[in-house]
Amino acid sequence: DFLVKELSKRSFDIIPGKVLNILVRVDKLFGSSSALSKLLEKRGVKVVNGNGFMMLGESFIRISPRTRSVNVKFIKVLDEFLKGRYD
């Protein structure tokens, strides 16, 4: 619930599902899932690029919720990217 709420606040489209993973549309804010997943990986945050899933392509990433501290780190890194700090 935490990640869905926080991602929704940041204008990400969330695709509801019945499993623990969260499917998030990222192309509107980041251009492509490949670009975002590479940026996140440089900061020590792992997501699954949508290219590995049939029909999702560059529009989506899949997030697997973890501990609260890991989820908070993910949101903080996303916030930095949304503010334009891609160091």
Side-chain angles (χ1 to χ4, degrees):
D1 290 338
F2 170 77
L3 281 176
V4 170
K5 180 179 155 187
E6 294 298 317
L7 291 166
S8 295
K9 283 185 195 176
R10 289 155 179 84
S11 300
F12 285 98
D13 295 329
I14 310 297
I15 309 302
K18 295 183 181 185
V19 295
L20 294 178
N21 297 316
I22 302 168
L23 192 60
V24 183
R25 185 172 188 157
V26 298
D27 60 336
K28 293 178 185 177
L29 297 172
F30 287 99
S32 76
S33 61
S34 294
L36 178 58
S37 62
K38 286 177 187 175
L39 288 170
L40 289 168
E41 191 168 328
K42 288 180 183 179
R43 297 294 301 273
V45 177
K46 302 251 184 196
V47 297
V48 177
N49 185 339
N51 283 333
F53 301 101
M54 186 182 286
M55 299 173 54
L56 295 183
E58 290 291 321
S59 298
F60 294 88
I61 61 171
R62 188 185 77 198
I63 302 167
S64 298
R66 302 289 182 214
T67 64
R68 177 61 71 126
S69 63
V70 171
N71 293 341
V72 167
K73 177 183 178 182
F74 170 71
I75 293 297
K76 285 182 179 181
V77 170
L78 267 183
D79 284 345
E80 290 176 8
F81 292 161
L82 289 169
K83 291 177 183 170
R85 291 183 259 153
Y86 291 84
D87 299 333

> Check the pair Glu6 / Arg10 against salt bridge (charged side-chain N to carboxylate O under 4.0 Å, His left out), numbers first and verdict last.
CA-CA 7 Å; Glu6 294 298 317; Arg10 289 155 179 84; 2.8 Å; yes
> Report the C-alpha distance between Lys28 and Asp13 in whole Å, list the side-chain angles of each, state the deciding distance to 0.1 Å, and finish with yes or no for side chain to side chain contact (heavy atoms under 4.5 Å, CB included).
CA-CA 9 Å; Lys28 293 178 185 177; Asp13 295 329; 2.8 Å; yes
> Looking at CG of Leu78 and CG of Leu7, how far apart are the two atoms once the value is rounded to the nearest 0.5 Å?
6.5 Å
> Just how far is it from atom CG of Asn71 to atom CD1 of Ile22, taken to the nearest 0.5 Å?
7.5 Å
> Which heavy atom of Gly44 sits nearest a heavy atom of Lys73, and at what distance?
O-NZ, 3.8 Å
> Apply side-chain hydrogen bond (donor to acceptor under 3.5 Å, both in side chains) to Ser37 and list each qualifying residue two or more places apart in sequence or on a separate chain.
none
> For residues 59-66, please give each side-chain donor-acceptor pair under 3.5 Å, one per line with the distance, not counting sequence neighbours.
from: Ser59; atom 1: OG; to: Asp27; atom 2: OD2; distance (Å): 3.2
from: Ser64; atom 1: OG; to: Asn21; atom 2: OD1; distance (Å): 2.6

> Hey, are Ser33 and Asn51 close enough side-chain-wise for a donor-acceptor pair under 3.5 Å?
no
> Looking at side-chain heavy atoms only, is the closest gap between Val24 and Ile15 below 4.5 Å?
no
> Taking the six-membered ring of Phe12 as reference, does the NZ or CZ atom of Arg25 fall below 6.0 Å from its centre and within a 45° cone about the axis?
no
> Looking at side-chain heavy atoms only, is the closest gap between Phe81 and Leu29 below 4.5 Å?
no
> Among residues at least two apart in sequence or on other chains, which ones pass side-chain hydrogen bond (donor to acceptor under 3.5 Å, both in side chains) with Ser8?
none
> For the hydrophobic clusters of this structure (ILVMFWY residues joined by side-chain heavy atoms under 4.5 Å, transitively), does one cluster hold both Ile75 and Val70?
no
> Any chance you could measure Phe30, atom CZ, to Leu39, atom CG, to the nearest 0.5 Å?
7.5 Å
> Say whether, by atom type as modelled, one donor and one acceptor occur between the side chain of Glu58 and the main chain of Ser34 under 3.5 angstrom.
yes
